[in-house]
Amino acid sequence: NAGVTQTPKFRVLKTGQSMTLLCAQDMNHEYMYWYRQDPGMGLRLIHYSVGEGTTAKGEVPDGYNVSRLKKQNFLLGLESAAPSQTSVYFCASTLSGANVLTFGAGSRLTVL
Amino acid sequence: GENVEQHPSTLSVQEGDSAVIKCTYSDSASNYFPWYKQELGKRPQLIIDIRSNVGEKKDQRIAVTLNKTAKHFSLHITETQPEDSAVYFCAAGNTGTASKLTFGTGTRLQVTL
């Protein structure tokens, strides 16, 4: 039982490049989330999904897109990376909305 | 929507002392209040949670108290140890209606020898 797996763990991008972060969970959770964590700013919600085929905006959605084509996967895309998107990204999942979250190990993204 | 404020942002205690972290929330409909611990370079992990039908919950050296009238809840760590050094996040939400938790901005706890 792997829990929540994020790939890649580290990535360096140049400004303007695109990339996709993959989150996969094997717990049959309905809800999945993408957070970014920056020093002194806690966990800020980017986008989330309450079920397969659904997505919704969080606090800081600009510059990101997401897709949930399969229940177990939640993808976070950066179409044109900017230095302000340098951060650690965490994926999380839960059975229902306000409940115990299981986090992935994080993906550190640097945009030069 | 829900708004969660957390204080202090940093806290330094000596080993063996107690540490208290406080959070306030704005939505009276919130009924679920978890606390997450994040060690350096690691993922956040749940350490304790409380639901609004109880006022206090304890797990060994960790306790959480909830005051629904005042809309605040606190994390208490007794007999602190160096391994308690981490960032702690509080959160709030409604298990029946909310699709997400709202997090506080975190408290960096440093336990010194």
Side-chain angles (χ1 to χ4, degrees), chain A residues 2-7 9-10 21 23-25 27 29-52 54-61 66 68 74 87-108, chain B residues 1-11 21 23 25-53 57 59 64 73 86-109:
Chain A
V4 177
T5 304
Q6 291 181 229
T7 52
K9 288 185 169 49
F10 302 94
L21 295 174
C23 177
Q25 52 93 5
M27 298 170 287
H29 283 172
E30 287 293 335
Y31 292 68
M32 296 186 74
Y33 307 86
W34 275 107
Y35 293 91
R36 60 177 288 174
Q37 185 173 35
D38 303 293
M41 301 192 76
L43 294 162
R44 293 187 292 168
L45 184 62
I46 305 170
H47 286 282
Y48 63 102
S49 167
V50 302
E52 182 179 316
T54 75
T55 62
K57 293 180 180 179
E59 300 169 60
V60 289
V66 287
R68 183 105 181 263
F74 194 30
S87 188
V88 179
Y89 292 85
F90 284 99
C91 176
S93 71
T94 186
L95 205 53
S96 62
N99 217 318
V100 179
L101 287 172
T102 301
F103 282 87
S107 299
R108 182 175 293 276
Chain B
E2 176 65 276
N3 181 49
V4 177
E5 294 191 358
Q6 182 172 348
H7 300 281
S9 56
T10 60
L11 180 59
I21 303 170
C23 289
Y25 62 99
S26 61
D27 189 349
S28 56
S30 288
N31 61 4
Y32 176 63
F33 308 93
W35 286 87
Y36 286 80
K37 175 184 180 182
Q38 185 181 27
E39 296 175 359
L40 192 61
K42 301 283 180 67
R43 74 191 78 190
Q45 292 195 301
L46 180 77
I47 54 170
I48 195 167
D49 57 11
I50 190 167
R51 297 180 192 266
S52 60
N53 56 343
K57 185 176 178 180
D59 182 2
V64 57
F73 56 111
V87 178
Y88 293 81
F89 293 99
C90 64
N94 183 293
T95 55
T97 60
S99 52
K100 54 186 169 66
L101 290 171
T102 301
F103 281 87
T105 49
T107 296
R108 181 173 297 279
L109 173 65

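Computed from heavy atoms alone, side chains included, the values below leave out hydrogens, waters and symmetry copies. Labels below follow one simple rule: chain letters A, B, ... track the order of the sequence lines, proteins then strands, and each chain is numbered from 1.
Between the CE atom in Met32(A) and the CE atom in Met27(A) there is a gap of 7.5 Å [rounded to 0.5 Å].
Put simply, the side chain of Ser87(A) gets close to the backbone of Gln37(A): a donor and an acceptor are under 3.5 Å apart.
Looking at Ser9(B), there are no atoms closer than 4.5 Å to chain A (heavy atoms on both sides), in backbone or side chain. Both the backbone and the side chain of Phe103(A) come within contact range of chain B, with heavy atoms under 4.5 Å apart. No part of Pro34(B) comes within reach of chain A, as not one of its non-hydrogen atoms sits under 4.5 angstrom from that chain. For chain A, the nearby part of Asn94(B) is the backbone; its heavy atoms alone come within less than 4.5 Å. In this structure, chain A has a heavy atom under 4.5 Å from the side chain of Gln38(B), while its backbone stays farther away. In this structure, chain A has no heavy atom under 4.5 Å from any part of Arg108(B). Contact annotation for Glu30(A): neither backbone nor side-chain heavy atoms come within less than 4.5 Å of a heavy atom of chain B. Within the 4.5 angstrom heavy-atom criterion, atoms from both the backbone and the side chain of Leu101(A) approach chain B.
Side-chain atoms of Tyr88(B) and Ile47(B), non-hydrogen and from C-beta on, do get closer than 4.5 Å to each other. In this structure, the side chains of Asn99(A) and Tyr31(A) stay at 4.5 Å or more apart for every pair of heavy atoms. Side-chain contact between Ser96(A) and Thr95(B) is absent, with no heavy atoms from C-beta onward closer than 4.5 Å.
Considering only residues two or more places apart in sequence or on other chains, Lys42(B) meets the salt bridge (Lys or Arg N to Asp or Glu O under 4.0 Å) condition with none of them. The side chain to side chain contact (heavy atoms under 4.5 Å, CB included) search around Arg108(A) returns Phe10(A), Val88(A), not counting sequence neighbours. Under the side chain to side chain contact (heavy atoms under 4.5 Å, CB included) criterion, Thr54(A) pairs with Ser49(A), Val50(A), sequence neighbours left out.
Between chain B and the residues Gly106(A), Gly104(A), Gly42(A), the largest count of heavy-atom pairs under 4.5 Å involves Gly104(A). Of the residues considered (Ala91(B), Pro44(B), Ala92(B), Ser30(B)), Pro44(B) shows the highest number of contacts with chain A, using heavy-atom pairs under 4.5 Å.
Listed in order of number, the residues of residues 99-107 of chain B that approach chain A to under 4.5 Å between heavy atoms are Ser99(B), Lys100(B), Leu101(B), Phe103(B), Thr105(B).
Under 3.5 Å, the side chains of Tyr32(B) and Asp49(B) contain a donor-acceptor pair of N or O atoms.
Minimum heavy-atom separation, Gln6(B) to Cys90(B): OE1-N, 3.3 Å. Here the closest non-hydrogen pair linking Val60(A) and Ile46(A) is O-CG2, 3.6 Å.
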